[in-house]
Student: 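Can you read through this structure? Questions will come right after.
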Amino acid sequence: MRRVIQFSTGNVGRHSLQAIIGRPDLELVGVHASGPDKIGRDASELCGLDTPTGVIATDDVDALVGLGADCVVYTSRGETRPMEAIDQMTKFLSAGTNVVATSMVWLVAPRYADEWLLGPMQKACEAGDSSLYVNGIDPGFSGDTLVHSAVSLTTRVDSIFVQEIFDYGNYDDAEFTGVSMGFGMTPDDETPLAFLPGVIMSMWGGQVRSLAGNLGIELDEVRERSERWYTKERIDCTMMTVEPGGMAAVRFATEGVRDGVPVITLEHVTRLTNAAAPEWEYPPDGHTGVHRVIVEGEPRVEINTHVSHPLLDSTDAGCISTAGRVVNAIDWVCNAPKGLISVDDIPQSATMRGLMWTSP
Ligand SMILES: NC(=O)c1ccc[n+]([C@@H]2O[C@H](COP(=O)([O-])OP(=O)(O)OC[C@H]3O[C@@H](n4cnc5c(N)ncnc54)[C@H](OP(=O)(O)O)[C@@H]3O)[C@@H](O)[C@H]2O)c1
């Protein structure tokens, strides 16, 4: 039985919290909340369950570190406050508590991450004899495990094309995703954060370089591209209302280039409702989203992944999958040698253990 802390209960965190409470092989010992409306409430309440756990949400990080848990699931948004997130994560790591995280997506390919981030994390793992693993669905699964599966079906690879095509219209996150991607903004507004030079590459470039490393090839360069689509009609959706002239879709990619052509591409087509960017590709067969890989080679392999849920929106299903990518690795990470763990280190079959549980 692994003693686990859930750190934050947002879009991803409430799903990892449900999984920790439900799984018989994990024991919830603590919950962090930063919002005053969440502090002091039972963990169950914060993730939509009925039976109280007796574990009460707190914003006291030192008290949580003092619990000496085996692992913390860190799903607090870190990319907008990286220094604070590093401080919180390293407190646990230095004290010997392993960390699995969906936050700090630059660490999905840790061998290609920058020193400002790697340095403190490695030092903390060393001090606490602990490990850190970061993953998700994208960045994460679609640029690692999905590609590994497709490539395993080939005898030669010419190129790898990974795509996330998603309608974010039902994603209730105007404040972060909406603002950082610039939905609703006009061409005269300032460039949104996500499309400042180098930002796309910082998020997905590590995965491109990691795939090149796995293939044993040298890339000439890793580069980024993006284009935005502005609506002529008003678009109403959960994320926001986009007035005519506002941005309602974006297509962007990170490309690994060899001999002048992109051989590894991670592309995103993100729209608010199907009314946006009709000339761009849609997910196949009426799905609201797809995580896809196309490997051109011998033979051509295409795998389309659709996550969905009978009650929830597909963006929520994606958040459940993101939580699953790291919660399922807890046991392995707790046994791992100290340091930063890459998805390449974990035998994927090991992440299945404990998954077939039923609610009591
Ligand atoms: N790789 C992937 O596929 C993938 C997919 C989805 C998300 N992610 C990453 O996972 C993380 C969580 O995503 P999310 O959608 O769950 O995020 P979110 O709901 O926007 O935020 C998660 C939590 O972060 C805490 N938080 C937000 N702003 C804060 C601030 N200024 N100070 C302190 N705490 C703050 C809040 O915690 P409280 O609940 O305690 O108030 C919030 O509920 C992000 O870093 C995101 O980039 C990765």
Student: Is the centre of the Phe166 ring less than 6.0 Å from the centre of the His268 ring?
Tutor: no
Student: Could you tell me whether the side chains of Asp172 and Thr238 share a donor-acceptor contact shorter than 3.5 Å?
Tutor: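 Thr238 and Asp172 do not have a side-chain donor-acceptor pair below 3.5 Å.
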Student: Is the closest side-chain donor-acceptor distance between Thr53 and Asp42 under 3.5 Å?
Tutor: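 Present: a donor and an acceptor within the cut-off.
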Student: Please determine, by modelled atom types, if Ser16 and Gln6 share a side-chain donor-acceptor pair under 3.5 angstrom.
Tutor: yes
Student: For Glu175, look at atom CD and say whether over 12 heavy atoms of other residues, nucleotides or ligands are found less than 6.0 Å away.
Tutor: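 Count not over threshold, so no.
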Student: Going by atom types only, do His32 and Asp60 share a side-chain donor-acceptor pair under 3.5 Å?
Tutor: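 Asp60 and His32 do not have a side-chain donor-acceptor pair below 3.5 Å.
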Student: Which atoms form the tightest heavy-atom contact between Ala248 and Ile235, and what is the distance?
Tutor: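 Taking Ala248 first and Ile235 second, the nearest heavy atoms are CB-CD1, 3.8 Å.
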Student: Give the other cluster members for Val257, using side-chain heavy-atom distances under 4.5 Å between Ile, Leu, Val, Met, Phe, Trp and Tyr residues; answer none if it is isolated.
Tutor: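 Members alongside Val257: none; it stands by itself.
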Student: Whether the side chain of Asp316 engages the backbone of Asp313 through a donor-acceptor N/O pair (distance < 3.5 Å, no angle test) should be reported.
Tutor: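 A pair under 3.5 Å: no.
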Student: I'd like to know if the side chain of Thr351 pairs up with that of Arg325 as donor and acceptor (distance under 3.5 Å, no hydrogens or angles considered).
Tutor: no
Student: Taking atom types as modelled and ignoring hydrogens, do the side chains of Ser76 and Arg81 form a donor-acceptor contact shorter than 3.5 angstrom?
Tutor: yes
Student: Is the Lys NZ or Arg CZ of Arg77 less than 6.0 Å from the centre of Phe176's six-membered ring, within 45° of the axis?
Tutor: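 Checked: cation-pi criterion met.
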Student: Step by step, work out the salt bridge (Lys or Arg N to Asp or Glu O under 4.0 Å) result for Glu27 and Arg2.
Tutor: CA-CA 6 Å; Glu27 180 194 359; Arg2 299 292 185 188; over 6 Å; no
Student: Give a yes or no on this: more than 12 heavy atoms of other residues, nucleotides or ligands lie within 6.0 Å of atom CZ of Arg353.
Tutor: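 For Arg353, atom CZ is not crowded (no more than 12 foreign heavy atoms under 6.0 Å).
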Student: Could you tell me if Arg228 sits above the aromatic ring of Phe252, with its cationic atom closer than 6.0 Å to the ring centre and no more than 45 degrees from the axis?
Tutor: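 Output no; distance or angle outside limits.
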Student: Which heavy atom of Leu146 sits nearest to which heavy atom of His291, and what is that distance?
Tutor: CD2-O, 3.8 Å
Student: Whether the side chain of Arg251 engages the backbone of Trp280 through a donor-acceptor N/O pair (distance < 3.5 Å, no angle test) should be reported.
Tutor: no
Student: Are Thr315 and Asn170 close enough that a side-chain donor and a side-chain acceptor fall under 3.5 Å?
Tutor: no
Student: Under 6.0 Å between ring centres: does that hold for Tyr133 and Trp332?
Tutor: no
Student: Establish, from distance only, whether the side-chain atoms of Asp144 and Asn135 form a donor-acceptor pair under 3.5 Å.
Tutor: yes
Student: Between Asp138 and Trp204, is any side-chain donor less than 3.5 angstrom from a side-chain acceptor?
Tutor: yes
Student: Looking at Met352, I want to see if its CE is surrounded by more than 12 non-hydrogen atoms of other residues, nucleotides or ligands under 6.0 Å.
Tutor: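 Result for CE/Met352: open.
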Student: Under a 3.5 Å threshold, yes or no: a donor from one side chain and an acceptor from the other, between Ser314 and Thr288?
Tutor: yes
Student: Between Cys237 and Gly169, what is the shortest heavy-atom contact and its length?
Tutor: CB-O, 3.4 Å
